[in-house]
**Q** 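Mind looking over this structure? Questions follow.
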Amino acid sequence: MELDEKKYLYLLFILPLVVLVFLFNLYWKRKKQREFGDLEMVKKLSPESSVFKPVLKVTVLILALLGLILGLVNPKIGTKMETVKREGIDIVFAVDVSKSMLAEDVAPNRLDKSKQIVSQIINQLGSDRIGIVAYAGSAFPVLPITTDYSVAKMFLQSMNTDMVSSVGTSFNEAIKLSSTYFDDKKTSKLLIMISDGEDHNEGADEAAEEANKLGIKIITIGVGTEKGGTIPLKRNGIVEGFKKDNNNEVVITKLVPESLTAIAKATKGGYVNGNNTKEVLEYVKNALNNIQKTEFEATEMADFQSQFQWFLGFAFLLLFVDVFLLERKTSWVKKLDLFNENK
C-alpha cells in the first residue's frame, strides 16, 4: 500500500481539537446548569435530554472527519504482481566509501558529491536496471539489480565510510563484485565507478580486462582535486582534527585520474572528471545513447488502485446519519434504558 497525498496527514491534528472543543462545551454546559439551579432539578426540567447522544454525535463526527482526511490522502493498494517487458541496460554503480572520500576539496565532500552524481544519473534513466556496490579495501553489496529507482536512492543516501571495515581502496574487489551483478548474458552491461582514484591494492588492470571479456563496459568518474585536501575527523559534525599517517603528519589525499583512466580504457569505456555534475550527466547520457539496449522482463507491483472513494463514502454516510441524531432520547432506546438514563 502507498499513500498518494501524504501532505494531508497533518489534518489528523483536527481530531483531538474536536475532542477538546466537545469536552470544553460539556464543561461549559454543566457550569451554566449549576448557575441556573440544582443539577437534579435541571434534569427533571429537561427529561428528554440524553447524556449519551452528544457523545455518540461527536464520535460520529470524528469518524466522518477521519474518513474525509483518509479520502484526501488517497491510500492505494497494489492488487497483484505482474511481469512487464522493458528495454534498457544493466548498470551497476560502484561508489568509493574509503576515508579519503571525506576530503572536502569538493563541496560538500567527495562522498556526498558522489551520491549527488549517482542520484542525478538515476534521474535521467528510463527503463534500465540498476545496482549499487560500496567499496574501500574490500567491496560490499548495497543493492542488487532492480528497476525500483526510489529504493535505489534510499540505499544510496544511507551509504557512509563506516559500512566497509577494511581500510584503503581496492578497485580489484569492486570490479569483481560488480561483475557478479550482471545475471543476464544478453543484456548490455555498464559499470560506473566513482572514486578519487587512490588505489592501495594491485590487480585493478587484470580485473578490468576480465570485465571486458564478460562484455562489461566501465565508465570511471573522478571526484576530488589534484591539489588534494585533508581528511577531517569529526564528532557530531564538529572537526576535532585531521587524519595523520604513521609519521604523525597530516595526510593530503589527491585525485589520481591516471588509475581511473586506465581502468576505463581497458574496457573501451571512458573517464570523466566528476567535479562538474552537468558535464558528467552529459557524458553519461551520450554513453548510454551509444550502448545497445535489450528487452528484458521485470516483475513489479501493478494495478495500484485508489481507495479514496470508500473513505469518502463512509464519511458522507456518517454525516448523513449525524443529521438525524438529535440530542434527545430515542423512544425505543428510552424503553430499554441501556444507559441507565431514566433513574
Side-chain angles (χ1 to χ4, degrees), residues 1-26 52-88 90-93 112 115-116 118-132 141-160 163 181 295-327:
M1 186 178 73
E2 66 176 23
L3 302 179
D4 192 35
E5 297 288 346
K6 294 181 182 179
K7 61 184 178 183
Y8 291 116
L9 287 174
Y10 74 91
L11 293 175
L12 291 172
F13 289 110
I14 294 175
L15 303 184
L17 289 178
V18 172
V19 175
L20 289 175
V21 170
F22 170 74
L23 293 175
F24 177 79
N25 183 57
L26 198 63
F52 169 70
K53 281 294 187 65
V55 176
L56 179 60
K57 281 179 70 67
V58 77
T59 301
V60 170
L61 177 61
I62 289 173
L63 290 175
L65 288 174
L66 178 62
L68 290 173
I69 293 169
L70 291 178
L72 289 172
V73 172
N74 188 22
K76 290 184 175 181
I77 298 177
T79 57
K80 64 180 182 180
M81 299 290 289
E82 71 174 15
T83 301
V84 296
K85 291 187 179 296
R86 293 175 175 268
E87 189 177 72
D90 285 350
I91 304 172
V92 174
F93 296 95
D112 286 338
K115 292 180 182 180
Q116 292 172 9
V118 174
S119 182
Q120 290 296 318
I121 292 174
I122 292 174
N123 287 341
Q124 68 179 15
L125 296 179
S127 301
D128 307 294
R129 299 196 306 172
I130 59 175
I132 302 176
V142 176
L143 180 72
I145 286 287
T146 180
T147 54
D148 194 331
Y149 294 169
S150 59
V151 170
K153 288 183 181 180
M154 181 180 70
F155 276 87
L156 174 68
Q157 294 307 317
S158 68
M159 296 176 69
N160 58 70
M163 51 193 315
Y181 272 52
E295 189 179 82
F296 58 86
E297 294 183 344
T299 303
E300 59 184 35
M301 186 72 75
D303 293 337
F304 268 95
Q305 302 283 345
S306 294
Q307 306 296 317
F308 71 91
Q309 64 272 15
W310 299 104
F311 296 100
L312 292 181
F314 176 71
F316 287 127
L317 176 63
L318 290 177
L319 291 174
F320 177 78
V321 171
D322 182 64
V323 173
F324 298 96
L325 285 176
L326 304 178
E327 293 196 4

**Q** Taking the side chain as every heavy atom from C-beta outward, state whether F311 and I69 have any pair of such atoms under 4.5 Å apart.
**A**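 Answer no - side chains too far apart.
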**Q** With the side chain counted from C-beta on, respond yes when T146 and V151 share a heavy-atom pair under 4.5 Å apart, and no when they do not.
**A** no
**Q** Measure across A315 and A64 and return the closest heavy-atom pair with its distance rounded to 0.1 Å.
**A**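 Looks like CB-O, 3.2 Å.
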**Q** To the nearest 0.5 Å, tell me how far D90 CG sits from T147 OG1.
**A** 10.5 Å
**Q** Are any non-hydrogen side-chain atoms of F22 and I62 less than 4.5 angstrom apart?
**A** no
**Q** Starting from the C-alpha separation in whole Å, work towards a yes-or-no answer on side chain to side chain contact (heavy atoms under 4.5 Å, CB included) for V73 and F308.
**A** CA-CA 7 Å; V73 172; F308 71 91; over 6 Å; no
**Q** Look up atom CG in L63 and atom CG in L319, then write down how far apart they are to the nearest 0.5 Å.
**A**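 Output value for this atom pair is 10.5 Å.
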**Q** Could you pull out all residues at least two apart from F13 that satisfy ring-ring contact (aromatic ring centres under 6.0 Å, His included)?
**A**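 So F13 forms no ring-ring contact (aromatic ring centres under 6.0 Å, His included) with any residue.
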**Q** Is the number of heavy atoms from other residues, nucleotides or ligands under 6.0 Å of Y149 OH greater than 12?
**A**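 Yes, because the 6.0 Å sphere around OH of Y149 holds more than 12 heavy atoms from other groups.
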**Q** Would a distance-only check, ignoring hydrogens and angles, find a side-chain to backbone donor-acceptor pair under 3.5 Å from Y181 to I132?
**A** yes
**Q** Can you name the residues that form a side chain to side chain contact (heavy atoms under 4.5 Å, CB included) with K115, not counting sequence neighbours?
**A**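 Testing K115 for side chain to side chain contact (heavy atoms under 4.5 Å, CB included), a comparison that skips the adjacent residues, returns L111, D112, L156, Q157, M159.
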**Q** Find out whether V58 and V18 are in side-chain contact, i.e. whether some heavy atom of one side chain is under 4.5 Å from a heavy atom of the other.
**A** yes
**Q** To the closest 0.5 Å, what do you measure between CG (L125) and CD1 (I130)?
**A**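 L125 atom CG to I130 atom CD1 measures 6.5 Å (nearest 0.5 Å).
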**Q** Please identify each residue that fulfils side chain to side chain contact (heavy atoms under 4.5 Å, CB included) with L72, with sequence neighbours left out.
**A**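 If we apply the side chain to side chain contact (heavy atoms under 4.5 Å, CB included) test to L72, skipping adjacent residues, the hits are Y8, L11.
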**Q** Report yes if some heavy atom in the side chain of L12 is under 4.5 Å from a heavy atom in the side chain of L66; otherwise report no.
**A**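 Side-chain contact under 4.5 Å: yes.
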**Q** Are V92 and I145 packed together at the side-chain level, in the sense that at least one heavy-atom pair is separated by less than 4.5 angstrom?
**A** yes
